[in-house]
Amino acid sequence: MKKLFLLLAVALFNVNAFAFEFDGINLNDDAVKVTRAISSKNYVHDPAKNCLKGSCHGTEIYLSFNFDDVSTKGKVGQLIVDIPMKNADAYESCTGLLNVIYHQVETNANGVVYAVGTDGTTMLLQKAKDGIKLIYNTPYYKAK
């Protein structure tokens with residue numbers, strides 16, 4: 001659980017007023033720069049899950065990107081982070097931590113939505129079968 005809090009704290013506190021960052025990667029850059037930055041962090045394709053697998057501050061995570069549903073071509077629409085957790089109360093613990101850090105915008109059947117940047121970036125925290133899922137919607141995200 002301590003690893004989860006450290007991972008969340010580091011990943012989440014990288015948000016600033018000008019650009020949304022995850023693990024030091026500026027997600028508001030163009031898609032080519034984001035892809036190169038991810039590769040330099042040693043994330044590799046996991047064919048079983050059809051996503052990228054890597055380590056963020058000692059915790060194994062899975063990353064997926066949505067480059068399709070965007071208002072500006074060549075930008076990242078969404079970053080989806082899957083964090084496997086064996087702890088049954090991981091979701092509740094994360095909700096408690098995130099309620100302290102961010103402004104909760106909405107609670108719905110999918111999870112809890114937080115405003116995580118002044119650029120319009122939001123994050124949806126969801127329960128997953130084997131952990132938690134964070135879905136970051138950048139300012140470029142255009143819902144279907």
Side-chain angles (χ1 to χ4, degrees), residues 3-87 90-144:
K3 278 187 181 181
L4 173 66
F5 287 131
L6 177 61
L7 169 70
L8 283 173
V10 172
L12 300 174
F13 283 119
N14 282 330
V15 176
N16 63 49
F18 305 106
F20 173 62
E21 293 184 0
F22 176 81
D23 197 15
I25 299 166
N26 179 356
L27 296 177
N28 287 338
D29 266 342
D30 62 72
V32 172
K33 287 183 181 178
V34 171
T35 304
R36 285 185 185 144
I38 291 289
S39 295
S40 74
K41 298 265 185 188
N42 297 319
Y43 287 87
V44 296
H45 184 258
D46 183 334
K49 293 193 175 205
N50 194 26
C51 63
L52 298 173
K53 179 172 118 176
S55 178
C56 182
H57 304 284
T59 301
E60 185 176 273
I61 63 172
Y62 297 89
L63 301 178
S64 302
F65 292 90
N66 179 342
F67 295 110
D68 298 323
D69 301 318
V70 292
S71 59
T72 305
K73 190 173 174 115
K75 295 291 187 176
V76 176
Q78 291 177 311
L79 165 67
I80 302 157
V81 182
D82 286 299
I83 307 171
M85 299 292 301
K86 294 179 181 169
N87 190 340
Y91 178 81
E92 288 75 17
S93 298
C94 289
T95 303
L97 174 67
L98 294 173
N99 282 338
V100 172
I101 299 171
Y102 293 123
H103 173 69
Q104 183 177 328
V105 177
E106 174 185 0
T107 300
N108 58 42
N110 293 324
V112 181
V113 179
Y114 297 93
V116 296
T118 58
D119 63 356
T121 301
T122 62
M123 179 190 62
L124 170 65
L125 171 66
Q126 287 184 323
K127 284 184 183 180
K129 182 176 76 172
D130 59 347
I132 61 170
K133 182 179 291 225
L134 307 172
I135 301 173
Y136 294 91
N137 293 325
T138 71
Y140 304 106
Y141 175 66
K142 180 179 165 187
K144 292 180 186 179

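Annotation: side chain of L79 is in contact with side chain of L63 (closest heavy-atom distance under 4.5 Å). Counting only heavy atoms from C-beta outward, the side chains of I132 and K127 never approach each other to under 4.5 Å. Side-chain contact check for S39 versus K41: every heavy-atom pair is 4.5 Å or farther apart. Side-chain contact between L52 and V44 is absent, with no heavy atoms from C-beta onward closer than 4.5 Å. Between V112 and E106, the closest side-chain pair of non-hydrogen atoms is not below 4.5 Å. Proximity of T35 to F65: side-chain heavy atoms (C-beta onward) are nowhere separated by under 4.5 Å. Between Q104 and L98, the closest side-chain pair of non-hydrogen atoms is not below 4.5 Å.
With rounding to the nearest 0.5 angstrom, the SG atom of C94 is 13.0 Å from the CD atom of Q126. Note: T122 OG1 to N137 CG = 4.0 Å, rounded to the nearest 0.5 Å. In this structure, S55 OG and N42 CG are separated by 10.0 Å, a value rounded to the nearest 0.5 Å. Distance check: D68 CG to Q78 CD gives 10.0 Å after rounding to the nearest 0.5 Å. Rounding to the nearest 0.5 Å gives a distance of 10.0 Å between OG1 of T121 and OH of Y136. The distance from the CG atom of D82 to the CG atom of D130 is 7.5 Å, given to the nearest 0.5 Å.
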Practice task
Would you sort out whether V105 and Y114 count as a side-chain contact (heavy atoms from CB on, under 4.5 Å), showing the intermediate values?
Solution key: CA-CA 5 Å; V105 177; Y114 297 93; 5.7 Å; no
Problem - Trace of the side-chain contact (heavy atoms from CB on, under 4.5 Å) decision for I83 with L134 - result: CA-CA 8 Å; I83 307 171; L134 307 172; 4.0 Å; yes
Problem - Pair H103-V116, side-chain contact (heavy atoms from CB on, under 4.5 Å): steps then yes or no - result: CA-CA 7 Å; H103 173 69; V116 296; over 6 Å; no
Problem - Working for side-chain contact (heavy atoms from CB on, under 4.5 Å), residues N110 and L124 - result: CA-CA 8 Å; N110 293 324; L124 170 65; 4.1 Å; yes
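The two residues A37 and I25 have their closest heavy-atom pair at CB-CG2, 3.7 Å. Closest non-hydrogen pair, P139 versus S71, comes out as O-OG, 4.3 Å. Nearest approach of G111 to Y91, heavy atoms of both residues: CA-OH, 3.7 Å. Nearest heavy atoms, K75 versus D30: NZ-N, 4.0 Å. The shortest heavy-atom contact between C56 and I61 is CB-CD1, 3.6 Å.
Every residue two or more places apart in sequence or in another chain was checked for a side chain to side chain donor-acceptor pair (under 3.5 Å) with D29, and none qualifies.
D69 and K142 are not joined by a salt bridge, as no carboxylate oxygen comes within less than 4.0 angstrom of a charged side-chain nitrogen.
Both the sub-6.0 Å distance and the 45° axial angle are satisfied by K49 relative to the ring of Y62.
A side-chain donor-acceptor contact under 3.5 Å links T138 to the backbone of V76.
Between Y140 and N28, the side chains place no donor N or O within less than 3.5 Å of an acceptor N or O (distance only, hydrogens not considered).
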